[in-house]
There are 2 protein chains.
Amino acid sequence: MSRTARECSIANALAVVGERWSLLALREVMLGARRFDQIVENTGASRDILAARLRSLVAAGVLEKRQYSEHPPRHEYLATEAGRALQPVLLGLMDWGDRYVTAGPPPTVWRHSCGAELRPRCVCASCGEQVEANGVTPVRLGDVRPVTDVRPTG
Amino acid sequence: MSRTARECSIANALAVVGERWSLLALREVMLGARRFDQIVENTGASRDILAARLRSLVAAGVLEKRQYSEHPPRHEYLATEAGRALQPVLLGLMDWGDRYVTAGPPPTVWRHSCGAELRPRCVCASCGEQVEANGVTPVRLGDVRPVTDVRPTG
DNA sequence: GGTGGTAAGTTTGATTTTCGGACGTACCGT
DNA sequence: ACGGTACGTCCGAAAATCAAACTTACCACC
């Protein structure tokens with residue numbers, strides 16, 4: 001594994017949702033595709049990898065697995081509060097992808113409860129101003145320290 | 001590769017910055033660690049993988065590679081406008097990691113230009129209200145279509 | 001002019017992960 | 001009994017990742 005790394009909540013967050021297919025699986029659950037085969041179809045992940053990802057997301061408390069039929073046994077995946085709290089990350093990625101990667105118009109559009117087409121903005125909770133990269137400065141940094149393993153177990 | 005997948009800017013964004021170490025490398029550049037050895041030390045990535053990630057981020061227009069010394073030849077990496085535009089994603093991940101993953105106090109703290117400790121919030125650009133997961137509904141979804149390759153070239 | 005150090009990678013060979021297709025299990029409908 | 005659906009697991013092949021050693025290019029000191 002790695003020798004040293006900065007102690008950092010970005011790294012910690014990515015250890016939980018940063019592996020391939022994890023955020024896309026969460027996206028599907030948020031979009032209402034809650035069943036295994038739908039998530040496979042809509043993400044394009046391999047069945048075994050997706051099963052592993054869903055297991056680890058459930059273990060991390062991001063998703064919840066619920067049985068909605070006993071005969072036959074059928075399950076669905078729901079976002080927990082922690083999972084719903086990732087919405088800003090998904091919306092941020094979508095907005096960035098719309099602007100800098102996707103050619104043509106945004107493939108997916110959301111509506112906010114105010115009635116408008118949702119365009120997410122990142123603002124400072126204190127002053128309400130939009131956060132610009134040059135208006136933000138690190139004031140305390142996590143230490144760089146020896147690590148044995150950066151990655152999630154499982 | 002995969003058979004089908006949803007056309008989606010989240011997936012497109014992740015094809016550019018979703019591989020392991022990419023966002024952590026960008027984090028380091030944002031924090032002011034612009035040189036190769038610093039990024040290796042602070043992320044914990046292998047040198048060869050990091051070199052590949054930096055190459056692909058430069059190719060995608062997220063980072064820029066600049067020579068700051070000719071003798072000896074030395075280089076640094078800077079965030080482009082597209083790279084700086086990922087700040088909300090990094091802050092969103094950090095905030096989520098602080099809340100749901102990292103034990104104890106936030107390892108890294110930023111200050112906003114207003115003087116306050118930065119706490120990022122995701123709001124609707126139209127009404128300014130904070131975006132809650134249950135206040136957002138998809139109104140148009142990208143098609144699920146056959147794909148040959150979801151991943152970035154390189 | 002030889003030794004040591006720094007910076008930015010590249011090479012190497014072993015390990016780990018991912019891939020997609022086939023298979024398994026449990027049930028339902030006809 | 002046969003076909004279909006849902007939710008995975010298993011398999012061997014292919015690709016990605018790992019850590020350490022090596023390379024190149026320069027500078028500083030003795």
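Quick note on labels: first sequence line is chain A, next is B, and so on, each numbered from 1.
- Atom CZ in A:Arg3 sits about 12 Å away from atom P in D:dA21, given to the nearest Å.
- When the side-chain hydrogen bond (donor to acceptor under 3.5 Å, both in side chains) test is applied to B:Gln38, no partner is found at least two apart in sequence or on another chain.
- Residues satisfying the ring pair (Phe, Tyr, Trp, His ring centres under 6.0 Å) test with B:Tyr100, not counting sequence neighbours, are B:Trp96.
- Separating the CD atom of A:Glu19 from the P atom of C:dT18 is a distance of 6 Å, rounded to the nearest angstrom.
- Atoms CD (A:Glu76) and C1' (D:dG8) sit 17 Å apart, rounded to a whole Å.
- With sequence neighbours excluded, the residues satisfying salt bridge (charged side-chain N to carboxylate O under 4.0 Å, His left out) with B:Glu117 are B:Arg119.
- One can place CD of A:Gln67 at 12 Å from C1' of D:dA6, the figure rounded to the nearest angstrom.
- For the pair B:Tyr77 and C:dA7, the criterion of a side-chain N or O lying under 4.0 Å from OP1 or OP2 is not met.
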Under 3.5 Å, which protein N or O atoms sit close to an N or O of nucleotides 10-14 of chain C? Give each pair with its distance.
| from | atom 1 | to | atom 2 | distance (Å) |
| --- | --- | --- | --- | --- |
| C:dT10 | OP2 | B:Arg55 | NH1 | 3.2 |

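- For B:Arg20, whose side chain is taken as the heavy atoms from C-beta onward, the closest listed nucleotide among D:dG8, D:dC18, D:dA6 is D:dC18.
- Listed by chain and number, the residues in a salt bridge (charged side-chain N to carboxylate O under 4.0 Å, His left out) with A:Arg84 amount to none (sequence neighbours excluded).
- For A:Arg35, taking side-chain heavy atoms from C-beta onward, the closest of the listed nucleotides D:dT17, D:dC7, C:dA8 is D:dC7.
- Taking CZ from A:Arg35 and NE2 from A:His75, the interatomic distance works out to 13.0 Å, rounded to the nearest 0.5 Å.
- A sub-4.0 Å separation between OP1 or OP2 of D:dC18 and a side-chain N or O of B:Trp21 is present.
- Computed from coordinates, the A:Leu50 CG to D:dA6 P distance equals 15 Å when rounded to whole Å.
- Considering only heavy atoms from C-beta on, B:Pro107 comes within 4.5 Å of B:Thr102 through its side chain.
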Distances for protein N/O vs nucleotides 25-30 of chain C N/O pairs under 3.5 angstrom?
| from | atom 1 | to | atom 2 | distance (Å) |
| --- | --- | --- | --- | --- |
| C:dC27 | O3' | A:Pro72 | N | 3.4 |
| C:dC28 | OP1 | A:His71 | O | 3.3 |

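- Put simply, CD on B:Gln38 is 14 Å from P on C:dT6, counting in whole angstrom units.
- We find that NE2 of B:His75 is positioned 13 Å from C1' of D:dT24, with the value rounded to whole Å.
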List the atom pairs, with distances to 0.1 Å, where a side-chain N or O of residues 47-55 of chain A and a protein N or O form a donor-acceptor pair under 3.5 Å, not counting sequence neighbours.
| from | atom 1 | to | atom 2 | distance (Å) |
| --- | --- | --- | --- | --- |
| A:Arg47 | NH2 | A:Asp37 | OD1 | 2.8 |
| A:Arg53 | NE | A:Arg20 | O | 2.8 |

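- Across the protein-nucleic acid pair, A:Arg66 atom CZ and D:dC7 atom C1' stand 17 Å apart, rounded to whole Å.
- The stretch residues 130-148 of chain B participates, sequence neighbours left out, in these salt bridge (charged side-chain N to carboxylate O under 4.0 Å, His left out) pairs: B:Glu7-B:Arg145.
- Pairs passing the salt bridge (charged side-chain N to carboxylate O under 4.0 Å, His left out) check and including a residue from residues 92-112 of chain A, sequence neighbours excluded, read A:Asp95-A:Arg99.
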